[in-house]
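The analysis underlying the following values was restricted to heavy atoms, covering all of them including side chains, and did not include hydrogens, waters or symmetry mates. In what follows, residues are counted from 1 in the order of the sequence shown.
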Amino acid sequence: MKVSVVVPVFNTGEHLTKCVESVLGQTLDDYEVIFADDGSDDGTEKLLDALAAEHDRVRVVHLPPSGGPGGPRNTGIDEAHGDYVYFLDDDDWLGPEALERMHAMAVRNDADIVIGKMVGHGRAVPRAMFRKSRDRADVLKDALYGILTPHKLFRRSFLDEHRIRFPEGPVRLEDHRFVLTAYFRARTISVLADYPCCHWVRRPDSYSRSRPDPAHYYGALREVLDIVDEHVEPGPDRERYYVHWYRGKILKRLGEKSFLEAPPEYRRAVYDEARRVVVERFGESVDRRLPFRMRVRAALLRADAYDDLFRLVEAERDVAIETALDGMRWDDARLVLRFTARLVDADGTPFVVRDGRWEPPVPLPISGGLLDATGERRRLDLYIRRREDAADHLLPVTVISSEVFAMSGEAVLDPAADPALTPGVWDFVARMDTGGWICERRLEGGERITRRGRLMPYRTENGRLSVRVLASEDERAWAEGPLLRRALKKIPGARRAVRRLRA
């Protein structure tokens, strides 16, 4: 058997439907699906048994409740018959060709791990690791630590050979410990970036969304750092790994909406534990590798400036970018767009830079050197996002102007060069990464432009730019349908209804 899909399940109910439909609709010819039920008692267990009775490729293992996904996933590994194992959560779903494409890449490259492109639904997915496919990827160079969830294809014999298993029970960061250990042991890791394999969904009542005990959470983080220390010598490479968790699990977490809206005593407990682990494990040399937004937070944390830190993160809430379409033209059948993105506060006020230094929205007791933004790396991207399933595709962008908090560029949409550009409606999404802020927004504005070839750009009723991509048969139908278009003009409200559907 080629692949075993392992799905830990607990009281999922109706949320399981999309997952089941996707795993049973795969184009791969030889695979199985193992649902590891962690003590469900809401009827989910009966639904799973009915599925197994109806589908030969489905198996169900009923387990006593463990309080976390690690134990069910381990059971799935032990029960698997496939050469490879793929882990999928019960509220997520797969693209139809996901298993076939990942398995083909694994066999072609003799890979121990294949990371298929992920699409976030209510979740942020790192972009750097999915900019292009890689037969042999490097964990540091290609930023594979950017997402350490287990939604990946693993060679089963590789997991058994190195005794790689998940921590069990109600533990935090169990996926980080599993995936990071596998990264360090793997001979070959491949990245499949040209097909949306996994749709990663945020469910409000999921285990990962519950409020963790601060001491337990940061104790789990120490165990993750222990794995890094075991495999990486002290020095620049270890610091590059450390920055990932320092930024994402400590400094960024202190500014998240769910955290800021928590009770004051909980916020204080998290702050105290975060500061304790920073003092214990993160040398000040790691701070210098942070983008300056996070360097400022780190300085306040180290100085134990609790009130100043939270005054800053409150002021930074709802930071966003403004986007503008500056121009649009045709180059044969290619659509060329010029656009601008600018970082703004919640009230729409542009960020301020004076003499190369960022002026925070609140006064801070830190040196001006920490606010120097002149050396910060920044990046401007433009994606087209498929309306049907939120899968996106990166367009080539030439940067025209680049300031600290405002960038302009020119992007090209070429349907002949982009096989991923399937028929349907696609939205244009600008994304800017600068100084530690990573923001994206639909592209807005622009004048009306006529259709050409397979592309029909238009503005939605909200003033945003989208494009309808036509298949070849749609092109012929459009060319042969002037009578229909004239008829629509005579029906009151018909053209407006069609536009509304397209928006």
Q | Test log, rule salt bridge (charged side-chain N to carboxylate O under 4.0 Å, His left out), inputs Arg281 and Asp226 | A | CA-CA 10 Å; Arg281 301 297 295 266; Asp226 288 342; 3.1 Å; yes
**Q.** Working for salt bridge (charged side-chain N to carboxylate O under 4.0 Å, His left out), residues Glu261 and Arg317
**A.** CA-CA 12 Å; Glu261 294 177 352; Arg317 290 179 70 167; 3.1 Å; yes
Tell me, please, which residues at least two apart from [X] pass salt bridge (charged side-chain N to carboxylate O under 4.0 Å, His left out).
| X | value |
| --- | --- |
| Asp392 | Lys117, Arg127, Arg385 |
| Asp37 | none |
| Asp237 | Arg240 |
| Asp142 | Arg134 |

State, yes or no, whether a side-chain contact exists between [X] and [Y] at a heavy-atom distance under 4.5 Å.
| X | Y | answer |
| --- | --- | --- |
| Leu260 | Val313 | yes |
| His231 | Ile227 | yes |
| Asp272 | Pro214 | no |
| Pro196 | Met118 | no |
| Leu94 | His199 | no |
| Leu413 | Leu455 | yes |

Is there a donor-acceptor pair closer than 3.5 Å between any side-chain N or O of [X] and the backbone N or O of [Y]?
| X | Y | result |
| --- | --- | --- |
| Ser4 | Ala80 | no |
| Gln26 | Gly95 | yes |
| Arg297 | Leu251 | yes |
| His244 | Tyr145 | yes |
| Arg454 | Leu470 | yes |
| Tyr31 | Val23 | yes |
| Ser22 | Cys19 | yes |
| Asp213 | Ala215 | yes |
| Arg247 | Leu290 | no |
| Arg187 | Ala111 | no |

(Q) Checking salt bridge (charged side-chain N to carboxylate O under 4.0 Å, His left out) between Arg73 and each of Glu168, Glu174, Glu79, which is the one that passes? (A)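 The single option meeting the salt bridge (charged side-chain N to carboxylate O under 4.0 Å, His left out) with Arg73 is Glu174.
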Q.
Taking the cut-offs as 6.0 angstrom to the six-membered ring centre and 45 degrees off its axis, would you call Arg441 and Phe428 a cation-pi pair?
A.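 Relative to the ring axis of Phe428, which defines the angle, Arg441 lies outside at least one limit.
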**Q.** Ring-face cation of Arg59 near Phe35 (centre distance under 6.0 Å, axis angle within 45°)
**A.**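 Relative to the ring axis of Phe35, which defines the angle, Arg59 lies outside at least one limit.
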In Å, rounded to the nearest 0.5 Å, how long is the span from [atom1] of [X] to [atom2] of [Y]?
| X | Y | atom1 | atom2 | answer |
| --- | --- | --- | --- | --- |
| Ile34 | Thr75 | CD1 | OG1 | 10.0 Å |
| Glu316 | Glu314 | CD | CD | 10.5 Å |
| Asp110 | Asp135 | CG | CG | 12.0 Å |
| Arg156 | Asp78 | CZ | CG | 9.5 Å |
| His103 | Leu28 | NE2 | CG | 6.5 Å |
| Asp92 | His151 | CG | NE2 | 4.0 Å |

Q | Criterion salt bridge (charged side-chain N to carboxylate O under 4.0 Å, His left out) on Asp389 and Arg386, from CA distance to verdict | A | CA-CA 6 Å; Asp389 61 0; Arg386 189 161 54 202; 3.0 Å; yes
Is it true that [X] and [Y] make a salt bridge, defined as a side-chain N closer than 4.0 Å to a carboxylate O?
| X | Y | answer |
| --- | --- | --- |
| Lys2 | Glu100 | no |
| Arg289 | Glu239 | yes |
| Arg268 | Glu265 | no |
| Glu444 | Arg459 | no |
| Asp381 | Arg379 | yes |

Verify the distance criterion only: is there a donor paired with an acceptor across the side chains of [X] and [Y] at less than 3.5 Å?
| X | Y | value |
| --- | --- | --- |
| Trp245 | His176 | yes |
| His62 | Asp49 | yes |
| Arg442 | Ser466 | yes |
| Arg136 | Ser190 | no |
| Asp42 | Thr44 | yes |
| His15 | Asp90 | no |
| Tyr246 | Asp287 | yes |
| Asp229 | Tyr242 | yes |
| His393 | Asp418 | yes |
| Asn109 | Thr188 | no |
| Thr27 | Glu97 | no |

Q. Has Asp29 got more than 12 heavy atoms of other residues, nucleotides or ligands less than 6.0 Å from its CG?
A.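 Yes, enclosed.
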Q | Member of Val85, Asp112, Val114 meeting the side-chain contact (heavy atoms from CB on, under 4.5 Å) criterion with Leu153 | A |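 The passing option is Val114.
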Q. What about the rings of Tyr183 and Tyr241, do their centers lie closer together than 6.0 Å?
A. no
Q: Could you tell me which residues satisfy side-chain hydrogen bond (donor to acceptor under 3.5 Å, both in side chains) with Ser157, sequence neighbours excluded, listed by chain and number?
A: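 If we apply the side-chain hydrogen bond (donor to acceptor under 3.5 Å, both in side chains) test to Ser157, skipping adjacent residues, there are no hits.
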Q.
Working note: Val119 + Val125, criterion side-chain contact (heavy atoms from CB on, under 4.5 Å); need CA distance, chi angles, decisive distance, verdict.
A. CA-CA 7 Å; Val119 177; Val125 174; over 6 Å; no
Q: Look at the rings of His121 and Trp93 and say which category their plane angle falls in: under 30° parallel, 30 to 60° tilted, over 60° perpendicular.
A: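 His121 vs Trp93 ring planes: tilted.
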Q.
Run the ring pair (Phe, Tyr, Trp, His ring centres under 6.0 Å) test against Phe178 and tell me which residues pass, sequence neighbours left out.
A.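 Counting only residues at least two positions away or on another chain, Phe178 forms a ring pair (Phe, Tyr, Trp, His ring centres under 6.0 Å) with Phe87, Phe154, Phe166.
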